[in-house]
Student: 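Quick one: the structure is below, and I'll ask about it shortly.
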Protein chains: 2
Amino acid sequence: MRARQLEVFIAVMRAGTVTAAARMLNISQPALSQILLHTEDELGFTLFERVKGRLRPTPEALEIFADAERLSAGLEGLRRKTTDLRLGRTGLVRVAASPPPALAILPRAFTSFRARHPDILLRSHMAPIAAIVDMLRAGDASLGVALDDRLPPDIEAEVLGSVGFACLLPIGHALAGKTELTLSDLAGEELISYRGNTRPADELAHAARAQGVVVSPSLEIDVSISAVGFVQAGLGIALVDALLPWHQFAGLAVRPLANGPEFPIALLTSRTRALSRVDEMMRDQIRAACSVVLGDDKTGA
Amino acid sequence: MRARQLEVFIAVMRAGTVTAAARMLNISQPALSQILLHTEDELGFTLFERVKGRLRPTPEALEIFADAERLSAGLEGLRRKTTDLRLGRTGLVRVAASPPPALAILPRAFTSFRARHPDILLRSHMAPIAAIVDMLRAGDASLGVALDDRLPPDIEAEVLGSVGFACLLPIGHALAGKTELTLSDLAGEELISYRGNTRPADELAHAARAQGVVVSPSLEIDVSISAVGFVQAGLGIALVDALLPWHQFAGLAVRPLANGPEFPIALLTSRTRALSRVDEMMRDQIRAACSVVLGDDKTGA
DNA sequence: GTGGCAATGCGGGCCCGTCAGCTCGAAGTG
DNA sequence: CACTTCGAGCTGACGGGCCCGCATTGCCAC
């Protein structure tokens with residue numbers, strides 16, 4: 001029994017006549033009549049008794065009607081579900097990001113995504129990069145955003161752009177008079193930056209060596225945002241990524257670091273897991289949001 | 001999503017490869033590949049990601065897989081149900097009959113029916129004819145067998161044959177010496193027969209009048225089988241239908257009544273209700289059983 | 001006769017199937 | 001290292017069957 005035959009059968013049962021059923025299904029009466037006859041032929045027994053030019057359901061028809069209706073409703077439900085999937089009206093998007101992109105890029109990406117797909121559940125995970133990789137591998141997140149593009153081979157990293165370093169100064173610090181700082185400006189200052197043996201720390205040391213200066217933090221952090229409190233407390237100048245929206249925090253001044261290294265902004269996905277439609281839509285929004293944020297950075301802040 | 005597409009999708013999900021799925025469905029690999037591609041085209045999103053010549057289900061495919069399997073199983077169940085209906089392997093047949101056919105015809109009909117369709121539930125109702133008509137109208141029975149063909153217009157009566165009267169004599173009665181009796185033989189005997197204002201009583205009286213004798217029962221019954229006890233007790237000679245297998249009862253002799261009226265044996269159905277396949281099969285068996293019983297009656301007893 | 005209903009005949013389009021042939025990647029072999 | 005082989009899936013051509021609309025007929029009731 002084909003799905004179409006199910007629909008026709010149900011329509012005739014509900015409408016009572018072939019003509020009315022044909023109207024319900026928006027097809028011609030002969031077409032429906034043919035399908036009905038063919039169905040009965042295939043089944044091997046009659047579904048309706050023709051009496052005086054009218055139809056009367058046989059006991060067999062009544063017997064299978066309930067099942068037919070249930071199945072047809074199920075098919076219709078599946079059809080709706082698939083159109084929802086096509087249009088991206090259902091599902092859950094989980095994005096794992098390290099704090100800077102989570103605070104700088106995801107809000108914008110989520111906003112535009114939500115405007116386009118209001119019914120999709122969104123979940124944001126702020127995590128260090130090792131945790132992001134684990135989540136991508138386990139399927140706990142399908143998209144990741146981090147400030148690193150050197151990743152295991154089973155993780156695909158698409159570089160969306162790059163962002164430099166920023167210096168966080170306590171309010172009133174002498175160096176706040178300059179619009180941008182260089183590494184040599186920081187000589188003799190108490191520095192707060194990433195702990196050793198991490199990529200940003202290495203790159204910073206490399207750049208400093210190239211410029212003939214020495215940069216050695218006296219206070220090490222692992223996540224840039226934790227520098228906020230230390231700078232506010234006057235413990236020193238922080239050398240951190242310029243992505244995080246530092247201006248939102250009171251009590252510190254932000255100055256870009258000239259000639260410093262760059263962080264790559266990478267969009268991470270698992271190579272062993274395919275993206276769902278909604279994941280792809282979110283990926284597009286993250287790309288767009290990133291370019292907007294970077295553009296704003298260049299012109300505005 | 002067509003039913004075929006559902007099957008193909010499930011087969012590919014289960015088999016893992018297109019070729020294996022095609023083997024499962026006994027079709028060629030290109031055919032299945034086409035259906036799968038067409039399905040994805042119709043859905044608007046891909047179900048499998050092609051990587052290195054292999055297929056990997058997308059999140060959407062995993063999402064709808066459970067529903068698809070459930071629906072497909074439902075369709076398969078309906079398919080089995082319809083073949084059961086066609087072959088008459090399912091259902092319930094309810095037959096209402098008055099006592100003589102219920103004891104003489106139905107056992108044979110049920111036996112041959114059961115031999116052909118062992119899985120069908122059978123139900124026999126022994127009831128007076130008024131109750132039979134009510135049951136047919138209400139759908140509590142779909143077939144009826146009675147010794148009357150004059151019935152309301154909404155009941156169809158198909159006459160399967162006819163049966164005459166029999167005389168039930170107490171063992172040792174003088175008339176037992178004759179192989180058959182006539183109405184005039186019964187003059188002066190105590191008679192047991194149907195109550196007045198019923199069809200057999202009227203016909204009996206009519207036949208007696210035609211033969212110039214008077215038949216007036218001194219003991220009235222409504223159902224012929226109830227005469228057994230009265231005859232065994234020596235209360236008189238019973239004039240009843242010859243259909244009921246009277247020889248099964250001890251303590252009475254049976255002699256046919258010559259030149260008596262005939263009972264029509266009628267197979268009853270409701271004109272407003274259609275017969276199911278199994279009902280029709282049972283109807284055929286009742287017809288056959290009736291002709292066998294009547295033929296045996298002519299030759300054997 | 002007229003109107004409503006179901007069935008039939010005819011023609012066209014789409015789906016589905018087989019068959020033959022193709023590309024691509026992995027694995028084996030000299 | 002180049003070649004072959006094999007298995008995976010895709011493409012194109014062709015045919016049959018299902019589904020559809022249009023025109024028409026048969027049947028019944030009013």
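By convention in this document, chain letters (A, B, ...) are assigned in the order of the sequence lines, proteins followed by strands, and residues within each chain are numbered from 1.
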Student: Closest nucleotide of DNA chain C for B:Asn26 versus for A:Gln29: which of these residues is on the 5' side?
Tutor: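 Its nucleotide being nearer the 5' end, the pick is A:Gln29.
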
Student: Kindly point out which of C:dG9, D:dG9, C:dA6 is positioned nearest to the side chain of A:Pro30?
Tutor: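 Shortest atom-to-atom distance from the side chain points to C:dG9.
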
Student: Under 4.0 Å between any heavy atoms, over every strand shown, what does A:Ser28 touch: base, sugar-phosphate, or nothing? Just pick one.
Tutor: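 Base: the residue A:Ser28, judged by heavy atoms under 4.0 Å, touches a nucleobase.
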
Student: Please answer whether the main-chain N or O of A:Glu49 pairs with a side-chain N or O of A:Thr46 as donor and acceptor at a distance below 3.5 Å.
Tutor: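 The answer is no, because no donor-acceptor pair under 3.5 Å joins these two groups.
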
Student: Which nucleotide wins on minimum distance to the side chain of B:His38, given the candidates D:dG9, D:dC20, C:dC15?
Tutor: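 Side chain of B:His38 sits closest to C:dC15.
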
Student: Would you say the side-chain atoms of B:Arg271 pair up with the backbone N or O of B:Pro153, donor to acceptor, closer than 3.5 Å?
Tutor: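 Side chain of B:Arg271 to backbone of B:Pro153: a pair is present.
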
Student: Looking at A:Arg50, does any N or O in its side chain come under 4.0 Å of the phosphate oxygens OP1/OP2 on C:dC5?
Tutor: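 A:Arg50 to C:dC5 OP1/OP2: no side-chain N or O under 4.0 Å.
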
Student: To the nearest Å, how far apart are B:Leu32 CG and C:dT18 C1'?
Tutor: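 Answer to the nearest Å: 13 Å.
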
Student: If we ignore hydrogens and angles and just use 3.5 Å, is the side chain of A:Arg277 paired with the main-chain N or O of A:Arg86 as donor and acceptor?
Tutor: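 Confirmed, A:Arg277 side chain pairs with A:Arg86 backbone.
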
Student: Salt bridge check: are A:Arg79 and B:Asp67 linked by an N-O gap of less than 4.0 Å?
Tutor: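 No, no charged N to carboxylate O under 4.0 Å.
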
Student: Between atom CG in A:Asp41 and atom P in C:dA7, what is the gap in whole Å?
Tutor: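 Taking atom P of C:dA7 as the reference, CG of A:Asp41 is at 13 Å.
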
Student: Reckon A:Leu37 touches a base, only the sugar-phosphate, or nothing at all at heavy-atom distances under 4.0 Å?
Tutor: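 Sugar-phosphate, backbone atoms only, no base.
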
Student: Phosphate oxygens OP1/OP2 of D:dC10: is one of them under 4.0 Å from a side-chain N or O of B:Ser33?
Tutor: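 Result: yes.
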
Student: Parallel, tilted or perpendicular, judged at 30° and 60°: which one describes the rings of B:Phe9 and B:Phe48?
Tutor: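 Taking B:Phe48 first and then B:Phe9, their aromatic rings sit tilted (interplane angle of 30° to 60°).
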
Student: Atom CD of B:Gln34 to atom C1' of D:dC10: distance rounded to whole Å?
Tutor: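 It works out to 8 Å between those atoms.
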
Student: Is there a side-chain polar atom (N or O) of A:Arg2 under 4.0 Å from OP1 or OP2 of C:dC15?
Tutor: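 No, outside the criterion.
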
Student: Would you kindly give the CD-to-C1' distance between A:Glu7 and D:dC19, to the nearest whole Å?
Tutor: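 Those two atoms, CD and C1', are 12 Å apart.
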
Student: Atom CD of A:Glu49 and atom P of C:dA6: how far apart are they, to the nearest Å?
Tutor: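 Checked: the CD to P distance equals 15 Å.
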
Student: Can you figure out which of C:dC15, D:dC19, C:dT8 approaches the side chain of B:Glu42 most closely?
Tutor: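 Closest nucleotide to the B:Glu42 side chain: C:dC15.
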
Student: Quick check on D:dG9: is either OP1 or OP2 less than 4.0 Å from any side-chain nitrogen or oxygen of B:Thr19?
Tutor: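 Checking D:dG9 against B:Thr19, a side-chain N or O does come within under 4.0 Å of OP1 or OP2.
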
Student: Looking only at side-chain atoms of A:Ile35, point me to the closest of C:dA6, D:dC20, D:dG9.
Tutor: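 Closest nucleotide to the A:Ile35 side chain: D:dC20.
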
Student: Grab the CZ-C1' distance between B:Phe48 and D:dA8 for me, whole Å please.
Tutor: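 Taking CZ of B:Phe48 and C1' of D:dA8, I get 15 Å after rounding.
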
